[in-house]
There are 2 protein chains.
Amino acid sequence: MQPRPRMIPEATVARLAVYLRVLAGLSGGGRSHVSSQELASAAGVNPAGLRKDLSYLGPCGVRGVGYAVPALRERLARALGVEQQRACVLVGMGNLGSALAGYAGFGSRGFTFVGLLDADPARVGDLVGDTTVRPVEDLEAVVAEHGVTIAVVTTPAEVAQSVCDRLVAAGVRSIVNFAPQALTVPAGVDVRQVDLSVELQVLAFLDQQKGVQLVPDTLPTDLTAVAAAR
Amino acid sequence: MQPRPRMIPEATVARLAVYLRVLAGLSGGGRSHVSSQELASAAGVNPAGLRKDLSYLGPCGVRGVGYAVPALRERLARALGVEQQRACVLVGMGNLGSALAGYAGFGSRGFTFVGLLDADPARVGDLVGDTTVRPVEDLEAVVAEHGVTIAVVTTPAEVAQSVCDRLVAAGVRSIVNFAPQALTVPAGVDVRQVDLSVELQVLAFLDQQKGVQLVPDTLPTDLTAVAAAR
DNA sequence: GGCTGTGAAAGTGTTCACAGCC
DNA sequence: GGCTGTGAACACTTTCACAGCC
């Protein structure tokens with residue numbers, strides 16, 4: 001009976017955010033229309049994939065012409081929920097935490113950091129952007145006060161789980177975790193794990209493979225030798 | 001004729017890096033063996049998936065017992081190429097760049113930042129970790145001097161492409177790009193694009209969806225209304 | 001009994017090719 | 001002619017179930 005409100009795949013959601021950013025730049029340039037080819041190239045994806053992504057929002061282009069930049073922009077913003085401002089807290093004000101808190105891009109994309117927390121008394125009171133760092137003890141109070149549902153964890157790995165537990169208990173339902181530590185959470189809470197060092201590691205692996213492929217003529221009889229040479 | 005050196009899927013490579021980190025922690029605890037269940041739980045993945053991942057390296061566990069911690073650790077390190085140290089450069093010493101440069105985890109995983117570069121004269125000369133920030137003009141010299149093949153870009157978006165071009169011209173073949181800007185590179189060069197704000201955006205979307213799902217009884221006749229209400 | 005290793009199945013995401021419309 | 005929208009094919013991952021071994 002339900003024709004379904006059309007589920008949007010997660011991979012698509014991530015790319016929609018990228019398209020929105022590219023459109024913002026394009027919009028500043030005063031462009032009125034853009035083709036899937038052009039948009040895809042600027043976003044670094046395949047044109048057909050981009051069209052499929054956009055089609056999840058329903059038809060939103062004009063055949064033979066392309067996409068109207070302002071209309072598409074508004075549609076994307078609405079689909080992603082950027083229109084309404086969301087209150088976030090950030091726990092762990094090391095270099096990474098400071099980088100994220102100071103990133104100007106967040107404000108325009110619907111995120112406001114209403115709380116910057118740190119366990120180190122030396123850091124409490126510092127001004128990052130226009131927000132003052134508060135002691136981690138205030139966590140529950142900040143979450144309750146602003147009705148925070150999204151949190152960013154940039155603490156050392158050892159304390160990430162306990163911080164996470166406190167966040168969840170206080171009512172946070174969505175967490176981005178940069179600490180190299182898997183978090184366990186109750187059902188209904190989303191965690192996105194981001195491991196910066198893994199990116200480098202994958203590159204190193206690919207790099208190494210390139211080296212191996214440059215010498216494909218050496219054909220060892222023993223397969224384990226190849227694996228070992230990796 | 002070739003039984004194939006067994007290609008390892010990229011998704012698996014990324015997880016192998018995580019397993020290696022977990023094992024390092026476990027190894028410090030003096031454990032001699034570990035089951036796929038335990039390792040998977042600590043890494044935040046499915047046990048069957050973990051076993052499949054490890055099976056790409058060939059059999060490396062003991063049935064009925066589990067995996068020998070030191071042996072598995074060494075095998076993973078070899079597969080990922082962590083044993084040999086790799087020279088990297090990092091361009092753009094803002095907060096994010098500093099966070100990455102200061103991350104102690106890299107050293108133990110085979111990465112050494114031999115060059116920290118920035119275009120801002122005010123930042124040149126700063127000491128980050130035990131490396132001095134150099135002017136971005138030195139890029140080609142540093143890459144050539146140390147035979148750098150891996151670079152991390154944490155510059156503003158506007159200059160990311162030109163920095164990338166210089167890196168590639170200098171001989172870099174693998175790039176992690178944190179600037180919100182798609183990079184175009186010649187064939188043979190790998191780019192991994194990391195967009196930190198996209199993670200938050202996806203969470204916001206999921207968060208919003210939860211809210212919608214809490215009121216599933218409202219069954220509007222018009223589908224577009226649902227899409228719009230997003 | 002317990003746990004690994006792995007084919008087979010299910011699910012997800014990507015690419016292709018072309019019909020449909022301007 | 002050009003470009004969107006989309007079903008169908010394809011590729012990639014994940015999950016399941018169980019055979020094989022200690």
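What you see is a predicted model, and the numbers here were worked out from it, not measured in a lab.
Comparing A/Ala11 and B/Tyr67 against DNA chain C, the residue whose closest nucleotide sits nearer the 5' end is B/Tyr67. Residue-to-nucleotide proximity on DNA chain C shows that, of A/Lys52 and B/Arg51, the 5′-proximal contact is made by B/Arg51.
Taking atom CD of residue A/Gln37 and atom P of nucleotide D/dT4, one finds them 9 Å apart after rounding to whole Å. When the P atom of C/dT6 is taken as reference, atom CG of B/Asp53 falls 13 Å away, rounded to whole Å. As a whole-Å value, the separation of A/Arg63 CZ from D/dC3 P is 14 Å. The nearest whole Å value for the distance from the OH atom in B/Tyr56 to the P atom in C/dG5 is 14 Å. Going from atom NE2 of A/His33 over to atom C1' of D/dC3 covers 12 Å, rounded to whole Å. Residue B/Leu50 contributes atom CG, which lies 13 Å from atom C1' of D/dT14 at whole-angstrom precision. Taking atom CD1 on B/Ile8 and atom C1' on D/dT14, their separation rounds to 18 Å, with Å as the unit.
Look at C/dG20: its Watson-Crick or wobble partner, with both distances under 3.5 angstrom, is D/dC3. If you check D/dC10 for Watson-Crick or wobble pairing at under 3.5 angstrom, you find it paired to C/dG13.
Contact of the B/Val189 side chain with the B/Ser174 side chain is not registered, since no non-hydrogen atoms from C-beta on lie closer than 4.5 Å.
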Discussion item. Run the side-chain hydrogen bond (donor to acceptor under 3.5 Å, both in side chains) test on B/Asn95 and A/Ser98 for me, step by step, so that the C-alpha distance in whole Å, both residues' side-chain angles and the decisive distance to 0.1 Å come before the verdict.
Written reply: CA-CA 7 Å; B/Asn95 271 317; A/Ser98 302; 5.0 Å; no

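Residue B/Val62 has its side chain nearest to D/dC22 when only D/dT15, C/dG13, D/dC22 are considered.
Of the side-chain N and O atoms in B/Ser36, one or more sit less than 4.0 angstrom from OP1 or OP2 of C/dT4.
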